[in-house]
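Numbers for residues simply follow the sequence, beginning at 1. Side-chain atoms are counted along with the backbone in the values below, which use heavy atoms only and exclude waters and symmetry mates.
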Amino acid sequence: MQRRLAAILAADVVGYSRLMGADEVGTHAHLKDLRHDFLEPVIAKHKGRIVKLMGDGLLLEFQSVVEAVECAVAWQKGVSERERDKERDQSLQFRIGINLGDVIIEDEDIHGDGVNVASRLEGLAEPGGICASRAVFEQIKNRLDLDHVDLGEQTVKNIAEPIHAYRISSKAAPADRKPSDQPAPPRPEEARGSIAVFPFESLSPDSEDAYLADGIAMEIITMLSKIPDLRVASRPATFAHRGRGDDMWQVVRDLQLRYVLTGSIRRAGDRIRVTAELTDAADRTQLWSETYQRQIDDLFAVQEEIAESIVIAFGGEFLRAEWHRARRRPTESLDAWGLVQKARAQNLPINRDAGDDALALAREAIAIDPNYAGAHASLASVLMQRVMNGLSDQPDKDRAEALAAVERASELSADDPVVLRALGNVLSNCGEHDKAVRALRRAVEIAPFDFHSWGRLGRTLAYGGTGDELQEGHAVLDRILAAAPNHPMVPYWQYFKANACARENRSEEAVAFARKSVEAQPGYAGAWVTLANALGQLGRYDEAREAMDRALRANPAMTPQHLAAQIENLAGNRPELAEQSLSGLKAAGLLD
């Protein structure tokens with residue numbers, strides 16, 4: 001049995017089955033021409049050998065690791081440039097994996113773990129990207145001027161030991177970077193750790209203290225989300241399972257989380273007692289617990305101590321120092337803070353009464369502490385939700401006030417991911433697309449595992465962008481739907497995806513995503529409107545009529561005029577699509 005050390009490159013075409021299904025003959029000819037005209041000369045230039053072709057993929061061997069990586073970089077750059085002007089359903093993209101390892105030689109073929117690892121690395125790569133093993137990275141890190149991202153240990157199918165992987169790309173000057181060059185949403189397994197913070201249990205007889213208990217958990221979620229390598233389950237993911245006992249562990253399993261934080265709160269007069277417990281989800285072993293007894297006005301200090309203890313448990317002193325630099329006490333006023341927690345909870349049902357109550361609470365919080373960024377962000381979110389869901393009697397006035405409120409929140413706390421997410425949402429709905437994108441990019445940069453902010457970024461790019469931004473929006477939404485399939489925001493992401501497809505006249509896809517959204521959340525009127533719009537584009541008016549009826553049942557405050565405005569908004573910068581849909585729906589008697 002003959003062996004040798006080799007650099008192995010494995011590559012395949014992204015979405016090949018989809019491309020072949022759309023145009024089998026054209027796709028086959030396109031790939032063949034690309035191989036002959038571009039790939040084979042690039043491979044030969046870097047002294048590579050094509051071991052075999054595999055329909056949609058190639059296996060290559062190089063004697064030099066540097067040559068293999070340079071070939072991969074030139075490959076991806078050249079393919080991107082050649083395919084840039086092609087339609088999305090016709091363009092080719094590759095994933096590439098590179099490994100340095102021992103291979104078995106059999107005639108002209110190669111086998112062994114070295115080949116298998118290269119193939120698994122290819123599966124970890126992004127579309128248009130390169131993923132390399134540590135052995136490869138160690139050889140090229142001081143020889144080639146490339147950008148890289150350390151993905152850490154990756155467990156992959158049929159490989160006994162985890163693979164330490166690196167994402168590699170050519171280095172571009174900051175001025176040359178395009179929106180599509182931005183980092184993609186991380187996969188859950190890329191986190192150093194992951195945690196679910198469940199609602200703390202209120203043991204006090206006063207029902208008002210439930211807001212204190214919820215607020216403690218929510219603030220800890222916000223604090224922990226600022227740790228770069230920690231994935232924190234969102235508030236809706238955990239708060240939806242309040243009081244369901246063992247169902248909590250099913251949530252933890254579904255979201256693939258490692259740690260769980262639970263606790264309780266009891267207030268007696270001006271004293272408060274908070275108990276917190278950190279548990280390893282794998283075997284439900286208690287890792288840490290603590291009880292804090294303080295004056296009620298020390299509640300913020302208790303929150304910080306709990307969060308800091310978790311930070312130390314995860315990452316030691318380094319992450320502790322990073323967290324101290326990132327944290328910021330939201331307000332000194334416990335009353336203002338409590339009112340914001342109530343407003344957030346009250347704003348969840350989408351109806352006029354709940355919205356009015358939430359609005360009053362947010363205004364009261366601002367009156368108590370005008371410098372509390374969270375209160376201004378809450379006011380902006382409530383106002384914008386009223387406008388977007390047809391609950392506002394003066395939408396222009398409310399939109400202007402929302403913009404002023406969120407800009408004030410940003411002035412007070414510019415790097416708070418929650419504020420940035422609210423800022424991006426409001427700016428997007430006020431026609432300030434570029435500013436909205438910048439705010440949301442900053443939010444995901446600060447809290448990379450906040451999939452809620454990634455969803456808003458994907459929506460904003462897909463709704464208001466063109467060209468590279470539009471495709472990036474689709475890619476972001478696709479990635480988070482794949483990375484977090486059990487996230488409670490999935491129905492909204494499917495709704496965003498449906499709207500994005502409708503804006504490109506991809507009506508069948510829009511219908512499919514909208515149906516998934518309404519099946520998961522039948523009471524959400526917006527998704528029914530999107531479904532009706534997409535069905536109208538296809539001329540399926542009986543089904544569109546049923547979707548319109550469901551939208552009106554879900555939100556009786558909607559009027560036909562508001563429905564028409566919603567459809568015009570869905571079309572974004574494609575007014576001809578709105579006209580196509582509206583004219584058909586009106587002709588069918590659905591919009592009198």
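When the ring pair (Phe, Tyr, Trp, His ring centres under 6.0 Å) test is applied to H164, the partners found at least two apart in sequence or on another chain are Y166. Scored by the side chain to side chain contact (heavy atoms under 4.5 Å, CB included) test, E61 finds R4, A6, R49, V51, I110 as partners (sequence neighbours excluded).
With respect to R442 and E445, a salt bridge is recorded, a charged nitrogen being found less than 4.0 Å from a carboxylate O. Taking the charged nitrogens against the carboxylate oxygens, K47 and E67 do have a contact shorter than 4.0 Å, which makes a salt bridge. Using a cutoff of 4.0 Å between basic side-chain nitrogens and carboxylate oxygens, K497 and D478 are scored as salt-bridged. Taking 4.0 Å as the cut-off between side-chain N and carboxylate O, R515 and E546 do not count as a salt-bridged pair. Under 4.0 Å is where a charged nitrogen must lie from a carboxylate oxygen, and between R438 and E432 no such pair does.
The structure places CD1 of I163 at 5.0 Å from CG of L121, a figure rounded to the nearest 0.5 Å. Here the CD1-CD1 distance, from I50 to I43, works out to 4.0 Å after rounding to the nearest 0.5 Å. Here the straight-line distance linking atom CD of E122 with atom CG of L58 works out to 10.5 Å at 0.5 Å rounding. Here L420 contributes atom CG and R456 contributes atom CZ; the two are 14.0 Å apart, rounded to the nearest 0.5 Å. Distance check, rounded to the nearest 0.5 Å: CZ of F38 to CG of L92 gives 12.0 Å. Rounding to the nearest 0.5 angstrom, the gap separating the CH2 atom in W493 from the CZ atom in F513 is 13.0 Å.
Annotation: side chain of I104 is not in contact with side chain of Q2 (no heavy-atom distance under 4.5 Å). The shortest side-chain heavy-atom distance between R143 and Q139 falls under the 4.5 Å cut-off. Inter-residue side-chain proximity for F62 and L100 is flagged as unmet; no heavy-atom pair is nearer than 4.5 Å. With a 4.5 Å cut-off on side-chain heavy atoms, L9 and I96 count as touching. A heavy-atom distance below 4.5 Å is found between the side chains of R82 and D37. Taking the side chain as every heavy atom from C-beta outward, I140 and I168 approach each other to under 4.5 Å. L34 has its side chain within reach of V79: a pair of non-hydrogen atoms, C-beta onward, lies under 4.5 Å apart. You'll find the side chain of R35 reaches within 4.5 Å of the side chain of L53, heavy atoms only.
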* To do: Take V14 and F94 through the side chain to side chain contact (heavy atoms under 4.5 Å, CB included) test and state the conclusion after the steps.
  => CA-CA 6 Å; V14 178; F94 290 83; 5.8 Å; no

* Go through R441 and E472 one step at a time and tell me if the salt bridge (Lys or Arg N to Asp or Glu O under 4.0 Å) criterion holds. => CA-CA 12 Å; R441 288 199 191 283; E472 185 189 2; 2.9 Å; yes

* To do: Step by step, work out the side chain to side chain contact (heavy atoms under 4.5 Å, CB included) result for K52 and E108.
  => CA-CA 9 Å; K52 56 186 169 185; E108 294 298 312; over 6 Å; no

* Show your reasoning for whether side chain to side chain contact (heavy atoms under 4.5 Å, CB included) applies to Q76 and I130. => CA-CA 8 Å; Q76 296 291 37; I130 304 164; 3.9 Å; yes

* To do: Report the C-alpha separation of C71 and K45 in whole Å, then their side-chain angles, then the decisive distance to 0.1 Å, and conclude whether the side chain to side chain contact (heavy atoms under 4.5 Å, CB included) test is met.
  => CA-CA 8 Å; C71 177; K45 178 182 177 181; over 6 Å; no

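H46 places a side-chain N or O within donor-acceptor distance of the main-chain N or O of V42, the cut-off being under 3.5 Å. Judged by distance alone, with hydrogens and angles left aside, the side-chain atoms of N99 form a donor-acceptor pair with the main-chain N or O of G114 at under 3.5 Å. In this structure a side-chain-to-backbone donor-acceptor pair under 3.5 Å is present from T27 to L19. In terms of modelled atom types and a separation under 3.5 Å, the side chain of R120 and the main chain of N116 share no donor-acceptor contact. Looking only at distances, a side-chain donor or acceptor of W528 sits under 3.5 Å from a matching main-chain atom of P522. Checking side-chain atoms of S119 against main-chain N and O of V115 turns up no donor-acceptor pair under 3.5 Å. No donor-acceptor distance shorter than 3.5 angstrom exists from the side chain of S517 to the backbone of A527, with no hydrogens or angles considered. For the pair D109 (side chain) and I105 (backbone), a donor-acceptor distance under 3.5 Å is absent. One N or O on the side chain of R95 and one on the backbone of A125 form a donor-acceptor pair closer than 3.5 Å.
Nearest approach of A68 to I98, heavy atoms of both residues: O-CD1, 4.0 Å. Annotation for C501 and A510: closest pair CB-N, 3.8 Å, computed over non-hydrogen atoms. Closest approach of V476 and W454 over heavy atoms only: CG1-O, 3.3 Å. For the residue pair A554 and G523, the shortest heavy atom distance occurs at CB-O, 3.4 Å. Residues C430 and M384 approach most closely at SG-CE, 4.3 Å, considering heavy atoms. Taking each heavy atom of N429 and R399 in turn, the nearest pair found is O-NE, 3.5 Å.
Side-chain N/O atoms of Q521 and Y492 include a donor and acceptor closer than 3.5 Å.
Within 6.0 Å of CD on Q63 lie no more than 12 heavy atoms contributed by other residues, nucleotides or ligands. Summarising the local packing, NE2 of H111 is surrounded by more than 12 heavy atoms from other residues, nucleotides or ligands at distances under 6.0 Å.
Checked against the 6.0 Å centroid criterion, the rings of F137 and H148 qualify as a close aromatic pair.
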